[in-house]
Each structure stands twice: as C-alpha cells, then as structure tokens.
Amino acid sequence: MKFLEFQGEVEEVIAQACKAAGYKDAAVEVSLPPNDSYGDLSSAVPIRLAKESGKKPGDMAVAIASKAMELAKKSRYVGGVSPHRGGYLNFTLNRSRFIADSISEISSGDLGATKGKGKLVAVEHTNVNPNKALHIGHARNLVLGDSLVRVMRYLGHQVQALNYVDDSGAQVADIIVGFKFLGLPDEGPAGVKYDVYCGDSVYAKVNQEYVKNPALKEKQSYVLKEIEKGSGEIAEYTRGIVRKILEAQLATCWRMGAAYDLLNWESQLVHSKMWDGIFESLKKMGYVRYQDSGENKGCWVIPDPESGEEKVVVRSDGTVVYVAKDIPYAAWKVGLIPDPFGYEVFSRDQPGGVLYSTALAGGKSHVHFGGVELAVSVIDTRQSYLQRIVAKVLDRLHEGSSRRYLHRSYEVVALSKKTATALGFQIEGEFAHMSGRKGLYVNADTMLDRLKEKAVEETKKRNPSDPDHWVADVAEAVAVAALRYELLKQDPDKMIVFDMEDALQFQGDTGPYLLYTYARARRILDKTEGKPRIDPETAAKLTRPEEVRLAKKMSMLDMSAMTAGEFLSPKEIARFSHELAVSFNDFYERVPVNKEADADLRDARLSLVDASSRVLAESMRLMGVPVRDRI
RNA sequence: GGGCCCGUAGCCCAGCACGGAUAGGGCGUCAGCCUCCGAAGCUGAAGUGCGAAAGCUCAGAGACCGUGGGUUCGAAUCCCACCGGGCCCGCCA
C-alpha cells in the first residue's frame, strides 16, 4: 500500500542524503511523529549523527535536510522535508498524489495482501479436549489462532490450520467412566448441546464421584488402557462418543468463524509409531537415559544439565507421558520425520473449506500436511516449560529446527468476582480461575447467546420494521464481533479477568463499534447521488485534515499486518481497526458528503468513503469479525 | 529453591521488540449535540482573549508510567535490585 511506498522513499532519501553529507553508513530509521503537525514521517538520524560527530542536533538536521530536499524532488510521494531544531528530520507527503493513488489502488481491489511467495506455515490452535464444551478461555485460544491464520494468509503464506484432538487422555476417559460405570445416560436431554451435556453434567459429576469413591479412579486407568489399545468394545464406544462431542465443539468453532484444515488425532499419533523412531535416535545419542535407581527408577528421562532436574518421558510401566506425544507431533510438523499419515475428509460442511482428518489405514494421500517451514502452536502460558523441552529435543534431532517451531503463548482467562458469584461460587480474591472440574466457567456459546440477546434488542430498536430473520443474522454477527474483538484486542501476555456485564458492552473500543462504523460508511454510499470517482485533480480537493488523516490511516493496513505476522500478534490489527474507525467517524461527523455542492469534491469524498470502508472490512476479516452492510 | 509473565488516571487497556519531540484509547462522572449522510456516534469539562450575540481564538478533567538505583545528551521503553500479583517446575494432560 502507498504509505509503505512513501516510507521506502523516505528511507532512500535519508540514506542518500547522509551519504551526500559525508556520513556513509548511517543507520536509517523512520517513525511516525507523535503529532501530524510535525509531518507525516520523521527520522531521528540527525540526532544520532550529531552525537557521533559532536555537532548540535539542530545544525545536523539542517545540513541533512538541505541535501534531502534535492533528492526528494525525484520521489513520487515525498512532498517536503524540514529540519526540526531538536534534530529531527520531518517529511511530508505529496498529499493529492498520495490520496489519489491510495484510493485508486484500493478501489481496484488491492488491499495490500501479498500474493504467493510466502512460506509453508502450520498454525495449531483450539486443541480442546473432546469431553466438554468450549469456554471463553478456549475461545481466546481459537480467536488468537484463527486470526493468526488469517493474517499469515494475507501476508502470502500458505497456511495449514491444525486442531489437535486429544482423544486418548484422562479427560475423555472420565466421560467414559461416567457412562460405563456410573450409569449416566450417554444421550443428553433434548435441546442441550452434546458437548455441554458431557462437560456440565458428566465430567463434573465423575470428578465429584472420584472424591467420594477413590476406587472409581481404577476404572479410569482401565478405560485409558482400553483406549490406548485401540480395539475392543470400550475403544470403539469411545470413538463414537468423542466424535459426537467433537462435532458439537466444531459447531461452536465454526460459529465463531474459525475453520481448520486438519484434525490431528492423538490416538493416531500414538499408533503411528512416530515416537519409536525418535526414541531410538534419542537413546543412541544418549539424550534420554534409563534410570535404574532413585525416584525415577525404571523410567526413561531427559536430564536438564542447567537445573540438574530431569523430565520423565517414558514411565516405568512403558507408557509415554504427554511431552513424548508432543515431540513426534512437533517433529512431524517441521518435517524431521517421514509423514506416516494418510488423510481423509472429515467434513465438507465447514464454512471456509473442507476439513480433513488424519487416517492411518485407508486414508488417501492426495493432500499433504506437515513438513512446514514454520510451525506456530497457540498454547497457553502454563505449558511454556513443556514447550521449551519440546524445542530442545527438536534441536537435538536436527540442529536449528527449534527456530522453526514457535510457541505463541498467552495468558488465561479468569472470571471476575462478580461473574463467579453470579455463577454461584464463593470467591476469595478479586477473580477466580476457571475450572472444568468444579464447573466454574462461562461457555463460549452461552456468552454468544447472551450477546446475541442483547444485540437483538438493540437491532430491533433501530430497525423496527425489519424481519426477524434479518435481525437474528445481524445480532449473531454483532455477538461474534463483540466476543472475538474483546478476546483479541488485549495483549496475550495479560490475563483477562472476564466480567459478564462488561463484556456486554457495545460502545467504545469494541467489535460492534467497527460494525457500526462500516454500516455508516455503506449508508453514505447508498444515499449519495454520484459515483466514487478519483483522479489527480479531484484528489487535490481533499485537503481537510479529516480527509487526509483517513486516507493516511487506511493505507497502513499492510504495515499493521506485517507487524502482526512478525510478532505473532494479531492484536495489532485490532488497534489498527479501531484507529481507522475513529478516523472515519471523525470524518463522518465533520465532513459532509451527501450535501456537498461541488460534484467533483462529493465524488472524491465518496471514493474516499468507499476505499476506507473496504480497508475497514478487510481488517475486520483478518480478525474474523463479521461484516454487514447494515446493522 | 529455580524459572516465566504482569504492574501506566477511580476502573480497564495501548505504547516497551527498535530509548527521542506535549504518555494514546476505552469505561465511569458531569454538561451538551438527532428538521446535516444512522446517537452502537460525536463534542465539551478550571479557564483566557475578542464580540451585543451566534460564534471565533488560545487553552483545557483525571497519571510522581509499582519503588529505588544504574546506563545515556535523553528512560514508560534498556540493565540491576526490591515490592505487589499471577503462573509453571508430576511416572496428569
């Protein structure tokens, strides 16, 4: 997009100007000035050069600026250069040319997305144990991961969205114990989603029973062994239950706008024997050791020379621990071992494309997964330690491969005291961590339903004569927008203390604000006579600061996305969207379009409205926030 | 005991990766704005100057950026220590 081109030109001008002034290898750097009265782009290079040469920063800026002004004449977008007495070099845009070019580029459908040329990338996210419904903590994972997938694709990468299904762990076993040994019905009540039933009623109840009746725990390990065996009545039965729960979970994921390319089943990973080969290599290189004495007697362990501690990878009964499942999975992702899987279609109903599933026997291999250049795992911060172990092992298997295996960690979602109390729990501090076992959580669907309820109310108020199905569609979009934006906009390193009442907010820095802003923009296009039209002459009429700011902001989407991709931080897009929406509303309040008498100016403004709203829609799409023409 | 993360107005957050020009938003509070394109929005908050007035002009609420040191011409940003909060360090996943 054009602002990046402008920035490139500015950097070139600075480099050349420094050279001309006798400073050959000056490091070029530019930044957005704190206030646009300084200019459109600034550089502190003279300050640095002054420091090195012992001159005054202001004088240095003047010296560099005099060279830069000449050079700037050859560029397309640099309109002016001025020195600042503090030592800054301030660059201004050739505004009419910049605006005209920006608008035509965007109007032609070029929203800054990179075409092809990217890397093969895997993004793993969601990864919810198939024994319960998604709560808002899982939703944070999904929103982060799915947005990352979208941003990476925008940046031209070829992305595989992976969802790991732990179908052979203790949590699934608990459900089966409930059905097989506590006599709980394996059909939930009518009208209750199956994942909700299993999580709310079965899982919670089984865990209560474990406390009262410790003998029941033995049933759990029996079930676990049966599942691991992979055949027999219990294993077959479990497969059916897991599939049913998973389908219910996927309905929620799809509702939130996430789509996946592949489901990786843990049971298949185990049966693929990928671990065996890796285990052998690790043994050969002496990285894993057998302990014949001490507290880990009979186990295979990975020693950590730094801490002096050791991590068990194979238990004394010969079964593998969780990291030993994550290691082959990671190795498969970055292509350190041959792909043992075939692939089959799991669902064609997924909005956003066919969903595949790993398959050991009978799977076709016309599609390929794994073996990527960059693997990103969206996993909460509590697993950082284990992820570091996985990375270390990858480096042992192939030096440097951990650089291609990135853990995007994020903090958990907790519940505010108010919300926890409303759910019937007594809380000590200001917030409470969610707990599936205790039944202390807010389901993603529950939250979406609450949001939707409120959105129906608000939408009806504004559109009393529209049909119910239309209202419902809009309200659903508003609900998803509100939840996704809320979970995305905050820094992943910060714990979210979720409060039900606060989250029902539709004003201010929220998803619905973006939807509203977009709808306002489309309204102008509907209501105004004339057509969006821009050319160098009419662009010269767009001189109001609100117009210039809006045009500048909209041409920075690609820059935001690049930052988001580089730091695996989609919240960049949230910030950008909000700023763009604020710029638009500022323009909306002060600059008339419909009522503008000058037809050229009106059409130019129309084209600005059209272009900026397209960019807004694109940035919303990158966050998975739905867009509607009218709300 | 070892490690990771957080600490910015009454509340919630941005800015920190790459040190730089007046530390940005949002909620809440108070006061305004729908016979100008959608009020899910926007404007204003002691006041100053001009004017009969509409209005214009300049200014503008709330923050010792957890504390104390250090590096630097310059620190919210980098380094160290401390304080407060959360998390991890299992033959659970």
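Below, chains carry the letters A, B, ... as their sequence lines are ordered, and counting in each starts from 1. Basis for what follows: all heavy atoms, side chains included, without hydrogens, waters or symmetry-related copies.
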Within the 4.5 Å heavy-atom criterion, are [X] and [Y] side-chain neighbours or not?
| X | Y | answer |
| --- | --- | --- |
| A:Y518 | A:R614 | no |
| A:D610 | A:L525 | yes |
| A:E310 | A:Q291 | yes |

Just call it for [X]: base, sugar-phosphate, or nothing, with non-hydrogen atoms closer than 4.0 Å on any strand.
| X | answer |
| --- | --- |
| A:F431 | sugar-phosphate |
| A:V45 | nothing |
| A:T319 | nothing |
| A:R85 | nothing |
| A:I631 | base |
| A:P33 | base |
| A:F506 | base |
| A:R462 | base |
| A:N463 | nothing |
| A:R630 | base |

Inset, instruction - Could you run through nucleotides 6-11 of chain B and give me one letter per nucleotide, 5' to 3': B if any protein heavy atom sits under 4.0 Å from the base, S if only the sugar-phosphate is that close, - if neither? - result: SS----
Would you say the side-chain atoms of [X] and [Y] include a donor-acceptor pair closer than 3.5 Å?
| X | Y | value |
| --- | --- | --- |
| A:T419 | A:S416 | yes |
| A:S619 | A:S577 | yes |
| A:R522 | A:S613 | yes |
| A:N594 | A:R602 | no |
| A:D174 | A:Q220 | yes |

Specify the residues of [range], ordered by number, for which at least one heavy atom lies under 4.0 angstrom from an atom of RNA chain B.
| range | value |
| --- | --- |
| residues 517-524 of chain A | A:A519, A:R520, A:R523, A:I524 |
| residues 165-175 of chain A | A:D166 |
| residues 125-134 of chain A | none |

I'd like the [atom1] distance from [M] over to [N], given in whole Å.
| N | M | atom1 | value |
| --- | --- | --- | --- |
| B:rU77 | B:rG68 | P | 13 Å |
| B:rG69 | B:rG10 | P | 24 Å |
| B:rC82 | B:rG3 | P | 11 Å |
| B:rG85 | B:rC79 | C1' | 23 Å |
| B:rA59 | B:rG24 | P | 15 Å |

Legend entry - Heavy-atom pair with the smallest gap, counting every atom of A:D603 and A:E529: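 In terms of heavy atoms, the two residues are closest at OD1-O, 4.4 Å.
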Inset, instruction - Measure across A:Q7 and A:L41 and return the closest heavy-atom pair with its distance rounded to 0.1 Å. - result: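 Nearest pair, atom of A:Q7 first, then A:L41: CA-CD2, 3.7 Å.
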Legend entry - Contact under 4.0 Å: A:R388 side-chain N or O vs B:rG3 OP1/OP2: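 So the side chain of A:R388 is outside the cut-off, no N or O lying under 4.0 Å from OP1 or OP2 of B:rG3.
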Inset, instruction - Please state whether the phosphate of B:rC36, meaning OP1 or OP2, lies under 4.0 angstrom from any side-chain nitrogen or oxygen of A:K527. - result: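 No, no such contact exists.
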Starting from [atom2] on [N], measure out to [atom1] on [X] and report it in whole angstrom.
| X | N | atom1 | atom2 | value |
| --- | --- | --- | --- | --- |
| A:Y588 | B:rC33 | OH | P | 19 Å |
| A:Y516 | B:rC37 | OH | P | 11 Å |
| A:F587 | B:rG41 | CZ | C1' | 15 Å |
| A:F576 | B:rG15 | CZ | C1' | 18 Å |
| A:R575 | B:rA23 | CZ | C1' | 13 Å |
| A:D586 | B:rA39 | CG | P | 15 Å |
| A:K461 | B:rG41 | NZ | C1' | 14 Å |
| A:Q220 | B:rC92 | CD | P | 11 Å |

Legend entry - Residue pair A:E411, A:R140: steps toward the salt bridge (Lys or Arg N to Asp or Glu O under 4.0 Å) verdict: CA-CA 9 Å; A:E411 263 290 350; A:R140 186 180 197 181; over 6 Å; no
Inset, instruction - Can you figure out which of B:rU43, B:rG41, B:rA21 approaches the side chain of A:P34 most closely? - result: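 Shortest atom-to-atom distance from the side chain points to B:rA21.
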Inset, instruction - Mind telling me whether A:H578 and A:Y513 have parallel, tilted or perpendicular rings, with 30° and 60° as the class edges? - result: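 Rings of A:Y513 and A:H578: tilted, as their planes differ by 30° to 60°.
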Legend entry - Listed partners of A:R484 passing salt bridge (charged side-chain N to carboxylate O under 4.0 Å, His left out), at least two apart: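 Expected list: A:D146.
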Legend entry - salt bridge (charged side-chain N to carboxylate O under 4.0 Å, His left out) against A:K417, all qualifying residues, sequence neighbours excluded: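 Salt bridge (charged side-chain N to carboxylate O under 4.0 Å, His left out) check on A:K417 returns nothing, list empty.
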Legend entry - Non-neighbouring partners of A:K56 that pass side chain to side chain contact (heavy atoms under 4.5 Å, CB included), sequence neighbours left out: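 A:D59.
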Legend entry - Heavy atoms of other groups near A:R628 CZ, more than 12 under 6.0 Å: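 More than 12 within 6.0 Å, yes.
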Inset, instruction - Quick one: list whatever passes ring pair (Phe, Tyr, Trp, His ring centres under 6.0 Å) with A:H433, sequence neighbours left out. - result: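 Residues passing ring pair (Phe, Tyr, Trp, His ring centres under 6.0 Å) with A:H433: A:F431.
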Inset, instruction - Go through the structure and list residues passing side chain to side chain donor-acceptor pair (under 3.5 Å) with A:E266, not counting sequence neighbours. - result: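 A:E266 satisfies side chain to side chain donor-acceptor pair (under 3.5 Å) with A:Y164, A:S168, A:K325 once adjacent residues are dropped.
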Could you go through nucleotides 87-91 of chain B and list every protein N or O atom that sits under 3.5 Å from one of its N or O atoms, giving the distance for each pair?
residue	atom	partner	partner atom	Å
B:rC87	OP1	A:H433	NE2	3.3
B:rC89	O2'	A:E309	OE1	3.2
B:rC91	O3'	A:R315	NE	3.0
B:rC91	O2	A:S316	N	3.4
B:rC91	O2	A:S316	OG	3.0
B:rC91	N3	A:S316	OG	2.8
B:rC91	N4	A:K297	O	2.9

Legend entry - Toward the 5' end of RNA chain B, by each residue's nearest nucleotide, A:K325 or A:V591: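 Closer to the 5' end of RNA chain B: A:V591.
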Legend entry - Closest-nucleotide 5' rank along RNA chain B - winner of A:A455 and A:I496: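 Checking each residue's closest nucleotide, the 5'-ward one belongs to A:I496.
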Inset, instruction - Enter syn or anti for the glycosidic conformation of B:rC34, syn applying to angles within 90° of 0. - result: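 B:rC34: syn.
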Legend entry - Pairing stems for RNA chain B [at least three consecutive pairs; Watson-Crick or G-U; under 3.5 angstrom]: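 Stems (3+ consecutive pairs) listed as B:1-7 with B:83-89, B:10-13 with B:24-27, B:29-33 with B:41-45, B:66-70 with B:78-82.
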Inset, instruction - Tell me, with the steps shown, if A:D195 and A:K132 meet salt bridge (Lys or Arg N to Asp or Glu O under 4.0 Å). - result: CA-CA 5 Å; A:D195 54 350; A:K132 56 174 169 290; over 6 Å; no
Any protein N or O atoms within reach of nucleotides 24-31 of chain B? Criterion: under 3.5 Å, listing atom names and distances.
none

